[in-house]
Enquirer: 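Please see the structure below; I have some questions.
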Amino acid sequence: MKLPINENGLPASRLIYGCMGLGGGWTKDPIEAKHISQAHEVVEVALDNGINMFDHADIYAFGKAETVFGQVLKENPALREKMIIQSKLGIRFPIEDKGIPARYDFSKSYILESVDGILSRLNIDYLDVLLLHRPDTLMDAREVGEAFNTLKASGKVRYFGVSNMSAGQIRLLQRYSTEKLVVNQLEMSLDKIGWLETGVHVNQIAARDNVFPEGTLEYCQLKNIQLQAWGSLAKGLYTGRNLEGASEKVKNTALLVQKLAEEKQVSREAIVLAWLMKHPAAIQPVIGTTNLARIKACTEAVNVTLSRDEWYSLYVSSRGVNLP
Ligand SMILES: NC(=O)c1ccc[n+]([C@@H]2O[C@H](COP(=O)([O-])OP(=O)(O)OC[C@H]3O[C@@H](n4cnc5c(N)ncnc54)[C@H](OP(=O)(O)O)[C@@H]3O)[C@@H](O)[C@H]2O)c1
């Protein structure tokens, strides 16, 4: 098993719809009817264009992203079985009046309590995939393993995974979890190229500036852990965003993306995502656009094949300097 599958054996799509932009954004303002309509439209366009996997986190828009999605499912219960729903937990908001900062929490009680919150907001009985959002410095891998077992036994979660974790952290968690970790979601894009640089810079002084955890890409491939790329559209940097003040390498790369898109008669989004998808790790890009035309444009990526020369041209252009 590589891509997660849903209860009916339906495999996940190559692209994942990232729901962080739903629910009206990062404000404490209440949900409005227009936010629910937006969620309806986004889900419809995603499903109609072949995206069946949806990525959430309990914190997105302070829980409102899951809530509006849950409203869509409440109004159309039949949609649930067409979807693979993933969410994340483990980040706690600050409690300002008590002076408590934002922090991470992988304690068993917090994991169990968070899953109940996720299921209730999403209006579902089970999650297809649960991810630990960011490593908790105080994580006790045995306790996490126990929480996973409880969630599996209760039927509340089918598959487990992590996000923003190194190979070492995954190995530690896996040592104490009888549930196989099936996903690692990391920031990877044509703009954030640390996932490639770490391999290219072995033995070189330039490696000191790279924050991507060395060996993680290879470890996930070896262990059949599905890699997912968040920030995959680089927030539109190469697909039409205003580039005033951007660096020369960004501007040049945006032009190259445009040229390839014209040659292949596809959208610029398709080029940027196809570039990620060409890597043999079979990365699943998570797309965070709420623009319906852009969601559609992204789905053209599944039919694009870049040659090795095209792929390297984009990579080198994004680096801004030739390979060593
Ligand atoms: N695991 C993690 O720690 C983590 C962290 C962050 C995100 N995520 C997940 O990854 C998903 C995607 O991440 P992301 O949203 O940060 O990155 P993204 O997909 O690279 O970017 C999406 C954002 O870029 C904007 N955008 C895209 N194309 C544009 C263009 N041509 N011009 C102007 N704006 C453009 C979108 O606005 P429009 O909506 O207007 O198109 C949206 O705000 C999230 O939804 C979430 O599910 C996970």
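As the structure lists them, so they are numbered: ligands from 1, and atoms in each ligand from 1. Values reported hereafter were calculated over all heavy atoms of this structure, with side chains retained and with hydrogens, waters and symmetry mates removed. None of these values were measured; they are calculated from a predicted model.
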Enquirer: Considering only heavy atoms, does I16 approach ligand 1 within less than 4.0 Å through its side chain, its backbone, both, or neither?
Expert: neither

Enquirer: Around atom 11 (C) of ligand 1, find the nearest protein heavy atom and jot down its residue, atom name and distance.
Expert: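 Going by distance alone, atom 11 (C) of ligand 1 is nearest to V286 CG1, 3.6 Å.
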
Enquirer: With heavy atoms of Y60 as the reference, note each atom of ligand 1 found under 4.0 Å away.
Expert: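 Answer, ordered by atom number: 4 (C), 7 (C), 8 (N), 9 (C), 46 (C), 47 (O), 48 (C).
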
Enquirer: Counting only heavy atoms closer than 4.0 Å, does ligand 1 sit against the backbone of M20, its side chain, both, or neither?
Expert: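 Answer for M20: both.
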
Enquirer: Looking at NZ of K156 and CG of D116, how far apart are the two atoms once the value is rounded to the nearest 0.5 Å?
Expert: 3.5 Å

Enquirer: Taking atom 22 (C) of ligand 1 as the point of reference, which of G288, G236, C298 owns the nearest heavy atom?
Expert: G288

Enquirer: Does ligand 1 have a heavy atom under 4.0 Å from the side chain of S189, from its backbone, from both, or from neither?
Expert: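 For S189, no heavy atom sits under 4.0 Å from ligand 1.
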
Enquirer: Using a strict 4.0 Å cut-off to heavy atoms of A234, name the atoms of ligand 1 that fall inside it.
Expert: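 Those atoms are 20 (O).
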
Enquirer: For atom 38 (P) of ligand 1, tell me which residue out of Q228, R134, R294, H56 has the closest non-hydrogen atom.
Expert: R294

Enquirer: For atom 31 (N) of ligand 1, what's the nearest protein heavy-atom neighbour? Residue, atom name and distance, please.
Expert: T239 O, 3.0 Å

Enquirer: Do any heavy atoms of Y17 fall under 4.0 Å from ligand 1?
Expert: no

Enquirer: Would you tell me which option among G231, S163, A57 has the nearest heavy-atom contact to atom 13 (O) of ligand 1?
Expert: G231

Enquirer: Using only atom types and a distance under 3.5 Å, with no angle test, would you say the side chain of T253 pairs donor to acceptor with the backbone of K249?
Expert: yes

Enquirer: Taking only heavy atoms of T290 into account, list the atoms of ligand 1 that are under 4.0 Å away from them.
Expert: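 Within the 4.0 Å cut-off of T290, ligand 1 contributes 38 (P), 39 (O), 41 (O).
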
Enquirer: Can you measure from SG (C298) to CG (N291) and round to the nearest 0.5 angstrom?
Expert: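 These two atoms lie 9.0 Å from each other.
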
Enquirer: Look only at the side chain of S13 and the backbone of I51, and say whether a donor-acceptor pair between them is shorter than 3.5 Å.
Expert: no

Enquirer: If you measure from each non-hydrogen atom of H133 to ligand 1, which part falls under 4.0 Å: side chain, backbone, both or neither?
Expert: side chain

Enquirer: Could you tell me which atoms of ligand 1, counted from 1 in the order shown, lie closer than 4.0 angstrom to a heavy atom of N291?
Expert: 39 (O), 41 (O)

Enquirer: Quick one: does E300's side chain have a donor or acceptor within less than 3.5 Å of a partner on S267's backbone?
Expert: yes

Enquirer: Could you name each residue pair satisfying side chain to side chain donor-acceptor pair (under 3.5 Å) that touches residues 132-145, not counting sequence neighbours?
Expert: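 Those involving residues 132-145 are R142-Y176.
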
Enquirer: So is T289 polar-close to ligand 1, meaning N/O to N/O under 3.5 Å?
Expert: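 Yes: some nitrogen or oxygen of T289 is under 3.5 Å from one in ligand 1.
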
Enquirer: Which pair of heavy atoms, one from M165 and one from N184, lies closest together, and at what distance?
Expert: O-ND2, 2.9 Å

Enquirer: Among all protein heavy atoms, pick the one closest to atom 3 (O) of ligand 1 and tell me residue, atom and distance.
Expert: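 Protein heavy atom with the smallest distance to atom 3 (O) of ligand 1: N164 ND2, 2.9 Å.
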
Enquirer: Please check if any side-chain donor atom of D105 sits under 3.5 Å from a side-chain acceptor atom of S107, or the reverse.
Expert: yes

Enquirer: Mind checking whether K235 contacts ligand 1 via backbone (N, CA, C, O), side chain (CB onward), both or neither, at a 4.0 Å heavy-atom cut-off?
Expert: both

Enquirer: Quick check on contacts: which atoms of ligand 1 are under 4.0 angstrom from a heavy atom of D55?
Expert: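 Once the distances to D55 are compared, the set is 9 (C), 46 (C), 47 (O).
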
Enquirer: If we ignore hydrogens and angles and just use 3.5 Å, is the side chain of T216 paired with the main-chain N or O of A167 as donor and acceptor?
Expert: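 Between the backbone of A167 and the side chain of T216 there is a qualifying donor-acceptor contact (under 3.5 Å).
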
Enquirer: For the side chain of K192 and the backbone of E187, is there at least one donor-acceptor N/O pair under 3.5 Å apart?
Expert: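 Here the side-chain-to-backbone pair does not exist.
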
Enquirer: So, does Q226 use its side chain to make a donor-acceptor pair with the main chain of A282 at under 3.5 Å?
Expert: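 At least one qualifying donor-acceptor pair exists.
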
Enquirer: Among side-chain atoms of K64 and T27, is any donor-acceptor pair under 3.5 angstrom?
Expert: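 Yes, because at least one side-chain N or O of K64 sits under 3.5 Å from a partner of the opposite role on T27.
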
Enquirer: What protein heavy atom lies closest to atom 10 (O) of ligand 1? Include the residue and the distance to one decimal.
Expert: W230 CB, 3.4 Å

Enquirer: Look only at interatomic distance and state if G21 has a nitrogen or oxygen under 3.5 Å from any nitrogen or oxygen of ligand 1.
Expert: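 For ligand 1, there is no N or O atom that lies under 3.5 Å from one belonging to G21.
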
Enquirer: Just heavy atoms, cut-off under 4.0 Å: does K88 contact ligand 1 by side chain, backbone, both, or neither?
Expert: side chain

Enquirer: Quick one: which ligand 1 atoms are inside 4.0 Å of a heavy atom on C19?
Expert: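 Close to C19: 45 (O), 47 (O).
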
Enquirer: For atom 26 (N) of ligand 1, is there a protein heavy atom at a distance under 4.0 Å?
Expert: yes

Enquirer: Quick one: does NZ or CZ of R319 land under 6.0 Å from the six-membered ring centre of Y315, within 45 degrees of the ring axis?
Expert: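 Judged by the rule (NZ or CZ under 6.0 Å from the ring centre, within 45° of its axis), R319 counts as positioned above Y315.
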
Enquirer: For the residue pair K152 and F160, would you count it as a cation-pi contact if the rule is NZ or CZ under 6.0 angstrom from the ring centre and within 45 degrees of the ring axis?
Expert: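 The answer is no; the distance or angle limit is not met.
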
Enquirer: Check ligand 1 against Q185 and write out every atom of the ligand that is under 4.0 Å from a heavy-atom position of the residue.
Expert: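 Every atom of ligand 1 under 4.0 Å from some heavy atom of Q185: 1 (N), 2 (C), 4 (C), 8 (N), 9 (C), 48 (C).
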
